[in-house]
Structures are given as structure tokens and as C-alpha cells.
Enquirer: 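Can you keep this structure in mind? I'll have questions shortly.
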Amino acid sequence: MKTRTTLLSILLLVCSVVMAQAQGKEKLQQYFNSAATEAKSVADPNQKREILTNSLSKMSKALVVVEAMSSVSETDKAGIQRFKASLQEKQDALLGVNGQSRVADEKLNDYANYLVQDMEQADTVVTISLITLLLIIIIIILLF
Amino acid sequence: MSIACKVFLSAIVAAFLTSCASTPRLYQTAAQTGPPRYSLIFMIHGDANYVFHDTVGIAHYADEEALAKAHVVARANPAGEVFIFHDKPLSKTLFFFKRRDGDFYYYRNGQLVATHSYWRDEGEGSARFAVHGALYHQFRAHDSSVATWPTRRMLLYFGHEIPEVDGLHYDASYPDSTLTVSKFTNDLLAFSDRNAPPIASDQSKYFDLIVMSTCFNGTPHSVAALAPHTRYVIASPTNLHLSYLDIAAFEHLENTLANNDVAAFARFAARAAFQKLSASVQTVVSVALYDVSKTVQYTQSVDAAYRRSLTTIATAPTLTLAHCDCTEQAPFNSPFMHEGVEVLYRPAKFGRDANKPNHSGWSCWKNGP
């Protein structure tokens with residue numbers, strides 16, 4: 001019985017590692033897609049803006065935590081910095097700060113789509129390794 | 001032996017036999033309506049993350065969608081032959097038996113004639129398209145007679161940006177293998193045939209048109225590397241959303257290419273793809289058509305400066321370098337840059353470049369985000 005349990009655990013571990021490897025960037029995309037879908041589902045523009053801002057803010061905080069880890073490579077840190085800058089720009093546009101024009105209320109659904117589509121072609125994320133991407137996802141789940 | 005054991009053993013034998021099957025499956029003989037007038041090769045890369053979401057939030061797989069559209073184009077070309085290659089992630093049956101990671105489909109005169117599954121790493125040495133080229137030459141319709149060659153040959157590639165340096169990790173299943181623009185263009189020779197009649201005055205060119213449905217391959221370096229193979233290139237000098245360039249324009253080439261005017265057809269195809277993408281995404285859309293006989297003056301004039309950028313990227317990978325319009329960087333801003341390039345451009349609806357009114361059609365590198 002004990003052997004069977006051990007074998008089953010090893011099998012599950014192997015399966016989760018394989019699945020996680022396949023889903024590094026995909027998980028990140030899903031995160032923004034969920035936020036965009038939620039934002040589009042509410043009618044109140046203030047709520048839409050808050051949902052989108054919160055999702056960007058959470059991601060930025062997770063990036064700060066991961067960037068501070070000593071195990072993260074210099075290449076990944078450079079990638080994280082670019083990713084953070086890109087997220088900051090998007091937050092600025094939502095809030096209309098740092099020289100950015102505030103996204104109009106009636107354009108918030110389009111902006112939610114823009115966030116998702118920009119992430120799907122973001123070459124900044126491509127430069128971040130799979131392990132670091134997974135760390136970012138884990139941090140978001142655990143801390144925020 | 002228990003039934004469970006028998007089932008298990010049968011599954012292993014079936015998995016083993018499936019992974020070893022290597023004979024192309026033939027469906028039918030193509031309708032004899034004369035030799036194909038058009039030849040299309042679709043190369044669809046699927047061995048990476050190709051997920052994108054529509055505006056309702058539903059996930060799509062870019063490679064699967066491109067494959068489905070390629071089949072539609074193939075069936076809608078009664079006067080052509082179509083080769084479709086789908087490079088998939090490596091997977092295993094029962095954790096041990098490697099499954100073939102490529103699917104090939106061959107259509108002639110609008111009918112599916114053969115299918116075959118292949119391993120992408122079979123064939124000679126490190127040549128990326130060895131197996132693709134071998135299948136192409138095995139199935140193509142023409143014989144040694146010049147009269148049987150398709151009059152127009154085109155290749156369409158779908159995938160992520162093909163890097164100009166480094167090139168590691170392009171294939172998720174083969175992290176140690178590399179793909180760069182140089183390797184891609186060198187390995188395109190796998191499709192060539194020195195007996196082929198010239199498609200233009202320059203006998204070395206094998207294709208009339210190469211479509212790069214990728215991000216950022218509209219660069220001086222990439223277009224110059226493709227130039228020995230083709231007369232025209234359609235590519236994007238900016239990001240390209242994963243819903244890709246639409247290919248509906250390639251249906252019924254017997255109508256759109258009836259007068260054999262490749263330039264006019266390429267212009268039509270680029271415009272159709274641009275309009276489709278502009279209507280569906282909020283991000284930047286740019287589609288450029290390059291007449292490579294006319295762009296050579298520009299690509300040669302900036303070649304040295306561009307190579308210096310590539311050296312910088314190769315030697316300092318953590319340095320923050322970003323793509324930019326070539327007009328933004330002095331060494332690349334040349335009076336020749338508008339020769340031979342037609343650009344269709346719509347800025348992103350939001351973000352830093354939302355107010356950028358136009359694009360030169362050429363992507364270069366700059367410091368900074």
C-alpha cells in the first residue's frame with residue numbers, strides 16, 4: 001500500500017511539473033484574461049477601472065517580490081523590469097497620471113481587450129524564463 | 001494473465017506501433033485536371049505557447065486556427081497544390097513512447113491526397129526543414145518536364161518572431177536547438193530545385209512570395225536574408241497579434257492570380273489581412289509588402305549598422321534593447337528606405353505609440369524600453 005502511494009505521488013509530481021512547464025506564460029495570459037472578462041461584465045465604469053487597476057497592481061507587486069530573489073538571473077531581472085515598466089504605463093493610463101491621458105469610461109471595455117491582446121504578443125514576457133514565470137504566478141496566488 | 005494486464009500490454013504495443021508508423025497515408029489520386037498552376041507551402045509552428053483570447057475571453061490556439069484556415073485555402077484551390085506542415089510539441093504516449101511531432105497534409109486540385117506524421121528531427125544533421133523538404137519533393141505534382149511546374153510558388157510561415165541572434169528556446173520541445181533568421185533562410189533551400197524553371201529574371205529565386213506571419217520580421221536584416229529566395233515578402237515590422245495575418249485572399253488563386261500579376265496579388269492579400277486584423281484587435285497592426293529587388297539598396301546601406309546592433313544584443317543580452325521604427329534611429333534613417341516597400345499601418349488604440357501616425361515599414365533596434 002505504501003509503495004503504491006509513493007508511486008502515485010511520484011506520478012502526480014511528474015504530471016504537475018510537465019503541466020506547469022507547458023503553462024508558464026499561458027497562466028499569465030489567463031490572469032489578465034480573467035481580469036478583463038470580469039471588468040467587461042460589470043456596468044459601472046468605476047468598478048471596471050478598479051478591477052483592471054487592481055489586477056495590474058497585484059502583478060506589479062508580485063514582480064517586485066520575484067525580482068528581489070537572489071536565485072533570479074540577471075537576464076530575467078532585465079525582463080522583469082521591462083514587464084514592470086509596461087504594467088506601470090498601463091496603470092498610469094487607467095488613472096490618467098504621469099503624463100498619460102486617462103482612458104475614457106466608454107473605452108474601458110476596449111482597454112480591457114487591449115491589455116489581454118498586448119500580453120499575448122508581449123515580447124518582454126518571452127525573455128523571462130519559465131521558472132521565473134512560474135514563481136510570479138505562485139507569488140500572486142500565495143500573497144495577494 | 002489478467003484482463004487488465006492484457007489491456008495494458010495491448011496499449012503499449014499500440015503506442016509503440018503508432019509511434020513507429022512511417023508510411024504516408026494516401027487518400028486518393030488527384031483529379032486529373034492538368035498540372036497545378038499554383039503551389040502553396042504552409043509552415044505552421046506550434047511548439048511554443050500560441051494561446052490567445054478573443055474578446056469574449058475564450059482561449060484559442062493560434063497554430064490550430066492557422067492549420068484550419070490552411071485546410072480551407074487548400075480545398076478552395078482547384079488549380080493548385082498545397083503542402084501543409086504543422087510542427088507540434090513533442091508528446092509521449094504512456095510517458096515512454098515518443099509521438100511524432102509533425103503533421104503533413106498534401107492537397108492537389110482542392111482534394112486531400114495524402115497525410116503523413118513525421119519527427120521534426122529526422123533527416124540530415126541540423127537542417128531544420130530536411131523532413132519538410134523531403135516530403136515536398138516526394139509529393140509535388142511536376143515531373144522533369146518544365147511545362148508541368150506550377151507557374152507560381154508561395155510559402156507562408158506562421159509562428160513567433162524568428163530571432164535574428166541567439167535563437168535558443170524557439171522550440172519548447174527542443175530547448176537546445178536554435179532558430180535564427182539566417183538558419184531559417186538557409187534551410188529554405190530544402191524546398192528548392194535547381195531544375196525548376198525561373199519564376200523571374202533572377203533564376204536563383206524559387207518563390208514568388210514569402211509571407212511571414214510573425215512579429216517584427218519586417219527588418220532590413222530579415223528581408224535581405226529572404227531576398228535570395230523570393231521576389232516579394234509580406235511581413236510585419238511591429239508586433240503582430242497571434243490571430244495572425246488572414247489568408248482568405250489565398251483562396252481561389254485561379255481568379256486572383258489569373259493574370260499572373262504577383263505584385264498585384266500580394267498587395268491585395270496584404271490589404272485584406274490588414275483590414276481583417278485592424279477590425280479585430282486593439283493593438284498595433286502593420287503589414288508591409290517588400291519588393292526585394294527594390295529594397296536591396298536600403299538593406300545594403302544599413303547592413304553594417306544593423307549588424308552592430310545585432311552584435312550588441314548577442315554580447316549583452318540583459319541590456320535593454322527594444323524594437324523601434326527605423327526612422328527613429330539615425331543610422332537607419334535613409335532616403336532609400338521607402339523604395340520598394342508599401343506599408344499598411346494602424347497604431348495601437350492605447351499605449352505609448354497610440355499617437356504614432358505612420359511607420360516606415362522597417363523595424364530596427366534602440367536602447368531603452
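Residue numbers begin at 1 in each chain, while the letters A, B, ... track the order of the sequences. Note that these values count all heavy atoms, side chains included, but never hydrogens, waters or copies made by symmetry.
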Enquirer: Quick one: do A:K48 and A:D105 make a salt bridge, cutoff under 4.0 Å?
Expert: no
Enquirer: Let me know if B:T238 has heavy atoms under 4.5 Å from chain A in its side chain, its backbone, both or neither.
Expert: neither
Enquirer: Does the separation of the ring centres of B:F184 and B:Y157 fall below 6.0 angstrom?
Expert: yes
Enquirer: Using the side chain to side chain contact (heavy atoms under 4.5 Å, CB included) definition, which of the options A:L87, A:T132, A:I139, A:I140 pairs with A:L63?
Expert: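 Single pass found, and it is A:L87.
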Enquirer: What do you reckon, B:C364 and B:C324 SGs under 2.5 Å?
Expert: no
Enquirer: Does a donor on one side chain sit under 3.5 Å from an acceptor on the other, for A:E67 and A:Q81?
Expert: yes
Enquirer: Which bit of A:K107 is near chain B, if near means a heavy-atom gap under 4.5 Å: side chain, backbone, both or neither?
Expert: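 For A:K107, backbone and side chain are both near chain B.
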Enquirer: Checking A:N33 against chain B: side chain, backbone, both or neither under 4.5 Å from a heavy atom?
Expert: side chain
Enquirer: For chain A, which candidate among B:K349, B:H169, B:Q282, B:H241 shows the most heavy-atom pairs at distances under 4.5 Å?
Expert: B:Q282
Enquirer: Looking only at heavy atoms and a cut-off of under 4.5 Å, which of A:N113, A:D110, A:L115 has the most pairs with chain B?
Expert: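 That would be A:D110.
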Enquirer: Given that the side chain runs from C-beta out, which part of B:A348 has a heavy atom under 4.5 Å from chain A: side chain, backbone, both or neither?
Expert: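 Looking at B:A348, just its side chain touches chain A.
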